[in-house]
Amino acid sequence: MEILDSIKENLISGEADDVVELTNTALDTGLDANQILKDGLLEGMTVVGDRFKEGLFFIPEVMMAARAMTKSLEILDPLLAEAGVKYRGTLLIGTVQGDLHDIGKNLAAILFRGAGFKIVDLGSSVTIDKFITKAKEHNPDLIGLSALLTSTMLNMGLVIKGLRENNISTPVIVGGAPLTQEFANSINADIFASSASDGVEKALVALS
Ligand code: B1M
């Protein structure tokens with residue numbers, strides 16, 4: 001449908017105002033929120049994720065597309081909730097204690113949201129206790145930890161230990177520039193993400 005294609009194309013090019021206007025027009029013409037999400041926004045975000053993975057798009061393009069998606073979702077979210085539309089799963093995500101770097105974490109949250117996940121973003125420098133409390137509160141399908149410092153990446157292991165000691169068996173995905181698969185194995189992480197898109201791909205396989 002033409003208007004859904006326009007939403008997709010404008011999202012890919014990061015035109016937030018146009019995506020908002022088109023979202024409203026689509027609703028006015030009787031399209032339902034779920035169709036706009038699935039065939040417009042998510043299709044667009046998939047293209048953005050693919051282009052980012054292939055090195056054709058860089059962080060600014062992804063951020064602009066994400067902003068357009070967020071603005072449209074502000075309109076659609078209440079309607080989706082009313083219609084009882086199911087998310088693919090919930091991701092609880094945060095940068096670990098002592099670490100203020102949040103760009104990679106935000107990018108991961110954006111791509112997971114684009115892949116149909118509900119995101120509970122705890123922000124940066126999140127304490128072990130907060131991860132545990134929020135995991136109990138939201139019962140997520142996946143817990144995402146990010147770290148950019150060689151000093152703070154050690155806190156990832158402590159979060160996983162704390163979760164397991166509290167009988168929270170939710171799979172944990174870890175990512176961040178200093179991490180390796182070996183490190184992820186050593187702290188008993190379930191998934192190592194070498195990039196945000198790698199994380200989404202591996203999570204979809206792990207949760208299927
Ligand atoms: Co800082 N910093 N920084 N910094 N910073 C680095 C990380 C550093 C490598 C720079 C350097 O020295 N060359 C270095 C770390 C050295 C080390 O530990 N070995 C460093 C340092 C030392 C520091 C301070 C200690 C500096 C100081 O104050 N003396 C300080 C620490 C503050 C703190 O955290 N307590 C500090 C502060 C800052 C700023 C606040 C100024 C700013 C952060 C702003 C912000 O995030 N809001 C900043 C920045 C911007 C950087 C660099 C330049 C860029 C990081 C970044 O955002 N990259 C960085 C140097 C560099 O990398 N060139 C540096 C882009 C981002 C998209 O990549 O986060 O790796 P990244 O995410 C990737 C993947 O890793 C993955 O997906 C993304 C791509 O797809 N990923 C996930 C990440 N998390 C994931 C989670 C997932 C899945 C994938 O699922 C859960």
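None of these values were measured; they are calculated from a predicted model. Numbering starts at 1 and runs along the sequence shown. Indexing begins at 1, ligand by ligand and atom by atom, following the structure's order.
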Chemist: Look at atom 82 (C) of ligand 1 and say which protein heavy atom is nearest, naming residue and atom and giving the distance to 0.1 Å.
Modeler: G175 CA, 3.7 Å
Chemist: Can you list every salt bridge (Lys or Arg N to Asp or Glu O under 4.0 Å) pair that touches residues 52-73, not counting sequence neighbours?
Modeler: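 Checked against salt bridge (Lys or Arg N to Asp or Glu O under 4.0 Å) - neighbours excluded - the pairs reaching residues 52-73 are K53-E201.
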Chemist: Any nitrogen or oxygen of A147 lying under 3.5 Å from a nitrogen or oxygen in ligand 1? Just yes or no.
Modeler: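 No; the residue has no nitrogen or oxygen that sits under 3.5 Å from a nitrogen or oxygen of the ligand.
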Chemist: As a check for students: among T95, V174, D102, identify the option with a heavy atom nearest to atom 45 (C) of ligand 1.
Modeler: D102
Chemist: Just to check, does F52 reach to within less than 4.0 Å of ligand 1 when the distance is taken from its heavy atoms?
Modeler: yes
Chemist: Can you list the ligand 1 atoms lying under 4.0 Å from a non-hydrogen atom of G144?
Modeler: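 Near G144, the atoms of ligand 1 are 91 (C).
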Chemist: Side-chain donor-acceptor pair under 3.5 Å between T95 and D99, yes or no?
Modeler: no
Chemist: Taking all heavy atoms of A147 and all of L179, pick out the closest pair and write down the distance.
Modeler: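 Looking at all heavy atoms of both residues, the closest pair is O-CD1, 4.0 Å.
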Chemist: Closer than 2.8 Å to atom 1 (Co) of ligand 1, which protein N, O or S atoms?
Modeler: H101 NE2
Chemist: Examine ligand 1 and decide if any of its atoms is less than 4.0 Å from a heavy atom belonging to P178.
Modeler: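 Flag not set, P178 not near ligand 1.
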Chemist: Answer yes or no: does an N/O atom from S146 fall short of 3.5 Å to an N/O atom of ligand 1?
Modeler: yes
Chemist: Does the protein put any heavy atom within less than 4.0 Å of atom 56 (C) of ligand 1?
Modeler: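 Given the 4.0 Å limit, the answer for atom 56 (C) of ligand 1 is no, no protein heavy atom qualifies.
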Chemist: I59 heavy atoms, cut-off 4.0 Å: which ligand 1 atoms fall inside?
Modeler: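 Going through ligand 1 atom by atom, the ones under 4.0 Å from I59 are 67 (C).
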Chemist: Students should be able to answer this: which protein heavy-atom is nearest to atom 77 (O) of ligand 1, and at what distance?
Modeler: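 I find the closest protein heavy atom is A196 N, 3.1 Å.
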Chemist: Report yes if some N/O of A177 lies less than 3.5 Å from some N/O of ligand 1; otherwise report no.
Modeler: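 The answer is yes, given that A177 and ligand 1 share an N or O pair closer than 3.5 Å.
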Chemist: Within 4.0 Å of atom 52 (C) of ligand 1 (strictly less), any protein heavy atom?
Modeler: no
Chemist: Any non-hydrogen protein atom below 4.0 Å of atom 59 (C) of ligand 1?
Modeler: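 No, because not a single protein heavy atom sits under 4.0 Å from atom 59 (C) of ligand 1.
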Chemist: Near E21 CD, under 6.0 Å, is it more than 12 heavy atoms from other residues, nucleotides or ligands?
Modeler: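 It does not: E21 CD has 12 such atoms or fewer within range.
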Chemist: Quick one: does F131's side chain get under 4.5 Å of L145's, heavy atoms only?
Modeler: yes
Chemist: Tell me, which pairs form a ring-ring contact (aromatic ring centres under 6.0 Å, His included) where one or both residues lie in residues 33-77, sequence neighbours left out?
Modeler: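 Found none.
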Chemist: What atoms of ligand 1 come within less than 4.0 Å of a heavy atom belonging to A193?
Modeler: 88 (C), 89 (C)
Chemist: Looking at atom 68 (O) of ligand 1, what's its closest protein heavy atom, distance included?
Modeler: G104 CA, 4.4 Å
Chemist: Going by distance only, is there an N or O of T150 that falls short of 3.5 Å from an N or O of ligand 1?
Modeler: yes
Chemist: Atom CD1 of I132 and atom CD of E165: how far apart are they, to the nearest 0.5 Å?
Modeler: 8.0 Å
Chemist: So, for atom 36 (C) of ligand 1, does the protein have a heavy atom nearer than 4.0 Å?
Modeler: yes
Chemist: Under 4.0 Å from a heavy atom of D99: give me the atoms of ligand 1 that qualify, with their elements.
Modeler: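 Listed by number with element, the hits are 34 (O).
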Chemist: To the nearest 0.1 Å, how far is atom 81 (N) of ligand 1 from its closest protein heavy atom, and which atom is that?
Modeler: G176 N, 3.6 Å
Chemist: Looking at atom 15 (C) of ligand 1, is any protein heavy atom nearer than 4.0 Å to it?
Modeler: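 Within 4.0 Å: yes, protein heavy atom nearby.
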Chemist: Nearest to atom 87 (C) of ligand 1, what protein heavy atom do you find, and at what distance?
Modeler: A108 CB, 3.8 Å
Chemist: Minimum heavy-atom separation for R164 to T170, with atom names?
Modeler: NH1-O, 2.9 Å
Chemist: Can you check whether L107 has an N/O within less than 3.5 Å of an N/O in ligand 1?
Modeler: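 By distance alone, the answer is no.
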Chemist: Just to confirm my output: which protein heavy-atom neighbour is closest to atom 50 (C) of ligand 1, and how far is it?
Modeler: I103 CD1, 4.3 Å
Chemist: Please report whether atom 64 (C) of ligand 1 has a protein non-hydrogen atom at a separation of less than 4.0 Å.
Modeler: yes
Chemist: Within 4.0 Å of atom 47 (N) of ligand 1 (strictly less), any protein heavy atom?
Modeler: yes
Chemist: Got a sec, which residues hit side chain to side chain donor-acceptor pair (under 3.5 Å) with K136, two or more places apart in sequence or on another chain?
Modeler: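 Once residues adjacent in sequence are excluded, the partners of K136 under the side chain to side chain donor-acceptor pair (under 3.5 Å) criterion are N166.
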Chemist: Heavy-atom distance from atom 7 (C) of ligand 1 to the protein below 4.0 Å?
Modeler: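 Protein heavy atoms within 4.0 Å of atom 7 (C) of ligand 1 - there is at least one.
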